[in-house]
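Data first, discussion second: the structure below is written as structure tokens.
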There are 2 protein chains.
Amino acid sequence: MKLTSKGRYAVMALVDLARFDSINPVSLRDISLRQGISLDYLEQIFSKLRKKEIVQSVRGTQGGYVLNKKAREIKLTNIFDAVDEKVKTVQCKKESKKGCTGKLTKCVAHNLWDELEKHINDFFNEKSLEDLVKNNNEKRI
Amino acid sequence: MKLTSKGRYAVMALVDLARFDSINPVSLRDISLRQGISLDYLEQIFSKLRKKEIVQSVRGTQGGYVLNKKAREIKLTNIFDAVDEKVKTVQCKKESKKGCTGKLTKCVAHNLWDELEKHINDFFNEKSLEDLVKNNNEKRI
DNA sequence: ATGATACTTGACTATTTTAGTCAGGTTTAT
DNA sequence: ATAAACCTGACTAAAATAGTCAAGTATCAT
Ligand code: FES
Ligand code: FES
């Protein structure tokens, strides 16, 4: 049960962006350097974030990305959703996967997995980008 | 962020075991048939559960496995721990992993990952095997 | 105008992890 | 004795991850 780099990078990059985008757009190159994330990979990630309207792009020299919503309105859920970092506790989408009784009956632990999934998603629904930036600034003072 | 089959199987198998072990040891073959899990894979899993003293083995004909503790005392944490289903929200064990600033400083989202990890582990610490069996029986009545 | 900066897109690939399989044992009730 | 069942370690196919690479297009500063 682990968080992938894609999800972690997306959050790191957005925290970085939220801290610096007040005046000018922030270039991925800067984020790449500050956060130590591959530029090419960041481009993939931001392409997704843009499609889900979490960020806006500004092309050309001095261009970069800007948040498309208030940091308070961007929840962790939105970020993870945009980059396909889904929480999956079950594996029974395709019919007759091993260990999954299919769609008609549920396996003996099924309720548990549903609860767990909800428990984790609750966390993601609560936290906003604003919370993260604040939390991070506090720690640095 | 997903749960692996190994973790899911371990829980399913133990729920099955907890429901049937009152009289005789339960053979992996039976669990395999009832839960639709590969016998060979179950053997790997139970080998780990035995090493962590969650189950006890009875060899020979009519043998099988029995719980080694009260169902109430077996927490989800113990099960996942035994089969190496760890919750990992960070990736910064080896020094200078990309995106991880190493051991000295923490990345901008680090507190969040720690919180998330705790949040998930809290869930695992609460739930006991007894809870699962009860929950499952209720649903079947 | 023109170069540099930076976004855009899609395909490609190496590595790691997962989810098993397989082969060959050992123990013990009957 | 023999079959049921545990036990062990090695092996492997498939999937997911974490990128890289190549070839653009748009815009600004000068
Ligand atoms: S996880 Fe698939 S049936 Fe329960
Ligand atoms: S996740 Fe590695 S430094 Fe924060």
Side-chain angles (χ1 to χ4, degrees), chain A residues 1-10 12-13 17 20-21 24-33 35-51 55-66 68 80 83-86 88 90-94 97-100, chain B residues 1-10 12-13 17 20-21 24-33 35-51 55-66 68 80 83-86 88 90-94 97-100:
Chain A
M1 182 129 233
K2 64 187 142 200
L3 193 67
T4 67
S5 289
K6 181 144 56 178
R8 271 187 302 112
Y9 290 172
M12 289 170 71
L17 182 55
F20 288 95
D21 85 335
N24 298 311
V26 180
S27 73
L28 293 188
R29 192 165 163 282
D30 285 354
I31 296 179
S32 166
L33 291 173
Q35 304 301 329
I37 303 170
S38 144
L39 177 59
D40 284 313
Y41 206 16
L42 273 180
E43 272 163 356
Q44 278 183 47
I45 291 168
F46 272 77
S47 162
K48 293 176 185 228
L49 292 174
R50 189 173 59 83
K51 277 170 192 155
V55 297
Q56 240 185 344
S57 66
V58 180
R59 301 187 70 149
T61 319
Q62 305 296 320
Y65 286 91
V66 191
N68 198 29
F80 281 166
V83 299
D84 307 305
E85 175 82 36
K86 300 185 204 86
K88 293 195 74 174
V90 297
Q91 196 65 23
C92 37
K93 287 289 133 63
K94 306 274 174 188
K97 258 267 179 184
K98 266 186 182 172
C100 286
Chain B
M1 181 127 236
K2 64 187 142 200
L3 195 65
T4 68
S5 290
K6 180 144 56 177
R8 272 188 302 112
Y9 290 170
M12 289 170 70
L17 183 55
F20 288 95
D21 84 335
N24 298 314
V26 180
S27 73
L28 293 189
R29 190 166 162 283
D30 286 353
I31 297 179
S32 167
L33 291 172
Q35 304 301 329
I37 303 170
S38 145
L39 176 59
D40 283 314
Y41 205 16
L42 273 179
E43 273 166 356
Q44 278 183 47
I45 292 168
F46 272 77
S47 161
K48 293 176 187 231
L49 292 174
R50 188 173 59 83
K51 277 170 192 157
V55 297
Q56 239 184 346
S57 67
V58 180
R59 301 187 72 151
T61 321
Q62 304 297 321
Y65 286 91
V66 191
N68 198 28
F80 282 165
V83 299
D84 307 305
E85 176 82 37
K86 302 185 204 87
K88 294 195 73 174
V90 296
Q91 195 63 25
C92 36
K93 287 289 134 60
K94 305 274 175 187
K97 260 266 178 186
K98 267 185 182 173
C100 286

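So you know, we letter chains A, B, ... as the sequences are listed, proteins then strands, and number each from 1. Atom set for the values below is all heavy atoms of this structure, side chains included, hydrogens, waters and symmetry mates excluded.
Scanning for side chain to side chain contact (heavy atoms under 4.5 Å, CB included) contacts around Arg50(B) gives Val55(B), Ser57(B), Tyr65(B), with sequence neighbours left out. Shown here are the side chain to side chain contact (heavy atoms under 4.5 Å, CB included) partners of Arg29(B), two or more places apart in sequence or in another chain: Ser27(B), Leu33(B). For Ser32(A), there are no side chain to side chain donor-acceptor pair (under 3.5 Å) partners, not counting sequence neighbours. For Phe20(A), the side chain to side chain contact (heavy atoms under 4.5 Å, CB included) test picks out Asp16(A), Val26(A), Arg34(A), with sequence neighbours left out. For the salt bridge (charged side-chain N to carboxylate O under 4.0 Å, His left out) test, residues two or more places apart in sequence or in another chain that qualify with Asp84(B) are Lys48(B). Contacts of Asp40(B) classified as side chain to side chain contact (heavy atoms under 4.5 Å, CB included), with partners at least two apart in sequence or in another chain: Ser38(B), Glu43(B).
The shortest side-chain heavy-atom distance between Lys6(A) and Ile45(A) falls under the 4.5 Å cut-off. Contact of the Phe80(B) side chain with the Leu3(B) side chain is registered, since non-hydrogen atoms from C-beta on lie closer than 4.5 Å.
Taking atom CG of residue Asn24(B) and atom C1' of nucleotide dA4(D), one finds them 14 Å apart after rounding to whole Å. Rounded to whole angstrom, the span from the CD1 atom of Ile45(B) across to the P atom of dC7(D) amounts to 15 Å. Distance Ile37(A) CD1 to dT20(D) P: 12 Å, rounded to the nearest Å. Look at CG on Leu39(B): it is 18 Å from P on dA19(C), rounded to the nearest Å. As a whole-Å value, the separation of Gln56(A) CD from dT27(D) P is 13 Å. We find that OH of Tyr65(B) is positioned 14 Å from P of dT27(C), with the value rounded to whole Å. Atom CZ in Arg29(B) sits about 15 Å away from atom P in dA3(D), given to the nearest Å.
Here the closest heavy-atom approach between residue Ala10(A) and residue Val83(A) is recorded as CB-CG1, 3.9 Å. Scanning both residues, Gln91(A) and Arg8(B), for their nearest heavy atoms gives CB-NH2, 3.2 Å.
Note on Val55(A): nothing from the nucleic acid sits closer than 4.0 angstrom, heavy atoms only. Across all strands shown, Phe46(A) has no heavy atoms under 4.0 Å from either base or sugar-phosphate atoms.
Listed pair Ser38(A) / dT20(D) meets the phosphate criterion, a side-chain N or O lying under 4.0 Å from OP1 or OP2.
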Output one line per pair: protein atom, nucleotide atom from nucleotides 9-13 of chain C, and distance, for all N/O pairs under 3.5 Å.
residue	atom	partner	partner atom	Å
dT9(C)	OP2	Arg50(A)	NH2	2.8

Which atom pairs link the protein and nucleotides 28-30 of chain C when you take only N or O atoms and keep those under 3.5 Å?
residue	atom	partner	partner atom	Å
dT28(C)	O2	Thr61(B)	OG1	3.3
dA29(C)	N3	Thr61(B)	OG1	3.3

Distances under 3.5 Å between protein N/O atoms and the N/O atoms of nucleotides 12-18 of chain D, please, pair by pair.
residue	atom	partner	partner atom	Å
dA18(D)	OP1	Ser5(A)	N	3.3
dA18(D)	OP1	Ser5(A)	OG	3.2
dA18(D)	OP2	Ser5(A)	N	3.0

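Side-chain polar atoms of Thr4(B) and Glu85(B) form a donor-acceptor pair below 3.5 angstrom.
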